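Remember, predicted model here, so these are calculated numbers, not experimental data.
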Amino acid sequence: MIEFARNVRLWFAPEVVREEGTTPDYRFSLANERTFLAWLRTALALIGGGFAVDQFLPDLRWAWRVGLALALLAAGVLCSLRAVNHWTRCERAMRRGEDLPVSRFPALLGVLIAVVAVAMVVVVLVGWEG
């Protein structure tokens, strides 16, 4: 947790990250940035899906609608925060010549989306109004 808090400071101080190690091949930094942007697109899609569930499924029971919407919105928030944290960690690792950091987040996100999808299948099979 302390490492995460330290990384949060670095999110807003890219000049501090640039002071570490040596400048990596720009292609690696650009690939890191493309990965960051892909995670942000995923976060935006999850957030949009959360709003869509809430706004376009008014006949769905309130608890189901809010639960599914909040799950998607929370996944979007976590995904966006993970994106910037992972970008910073990778940039630092490349500058230091270290292995890139590993993360369980893709598995966690995949499981969360699968759970939401299964819940939506149940809602479709059981019926909108229960």
Over all atoms of both residues, closest heavy-atom pair of P101 and H86: O-CE1, 3.6 Å
Salt bridge (Lys or Arg N to Asp or Glu O under 4.0 Å) partners of residues 63-75, not counting sequence neighbours, each pair once: D54-R65
CG-CH2 distance between L40 and W87, expressed to the nearest 0.5 angstrom: 11.5 Å
Sequence neighbours excluded - salt bridge (Lys or Arg N to Asp or Glu O under 4.0 Å) pairs with any residue from residues 26-52: D25-R27
Gap between atom SG of C79 and atom CG of L72 - 0.5 Å precision: 12.0 Å
ILVMFWY network linking L37 to L81, side-chain heavy atoms under 4.5 angstrom: yes
Minimum side-chain heavy-atom gap E19-P14 below 4.5 Å: no
Which residues share a side chain to side chain donor-acceptor pair (under 3.5 Å) with E20, sequence neighbours left out: R92, R96
Side chain to side chain contact (heavy atoms under 4.5 Å, CB included) assessment of F51 paired with L73: CA-CA 8 Å; F51 280 117; L73 290 168; 3.9 Å; yes
Inter- and intrachain pairs under ring-ring contact (aromatic ring centres under 6.0 Å, His included), touching residues 65-84, at least two apart: none
Cluster check W62, L60: I/L/V/M/F/W/Y, side chain < 4.5 angstrom: no
Distance-minimising heavy-atom pair for W11 and N85: NE1-CA, 3.4 Å
Verify same cluster id: L78, V116 (apolar side-chain graph, 4.5 Å): yes
M94 side chain reached by N32 side chain, heavy atoms, under 4.5 Å: yes
Atom pair OG1 (T23) and CZ (R18), whose distance is rounded to the nearest 0.5 Å: 6.5 Å
Pairs satisfying ring-ring contact (aromatic ring centres under 6.0 Å, His included), at least one member in residues 94-115, at least two apart: W39-F105
Gap between atom CD1 of I113 and atom CG of L46 - 0.5 Å precision: 4.5 Å
L68 side, atom CG; M120 side, atom CE - distance, nearest 0.5 Å: 5.5 Å
Non-neighbouring partners of S29 that pass side chain to side chain donor-acceptor pair (under 3.5 Å), sequence neighbours left out: E91
Residues, nucleotides or ligands: over 12 heavy atoms within 6.0 Å of F28 CZ: no
Hydrophobic cluster identity match, V53 and V123, side-chain contacts under 4.5 Å: yes
Heavy-atom pair of closest approach, residues L109 and A75: CD1-CB, 4.0 Å
Within one Ile-Leu-Val-Met-Phe-Trp-Tyr cluster: L70 and V77, side-chain cutoff 4.5 Å: no
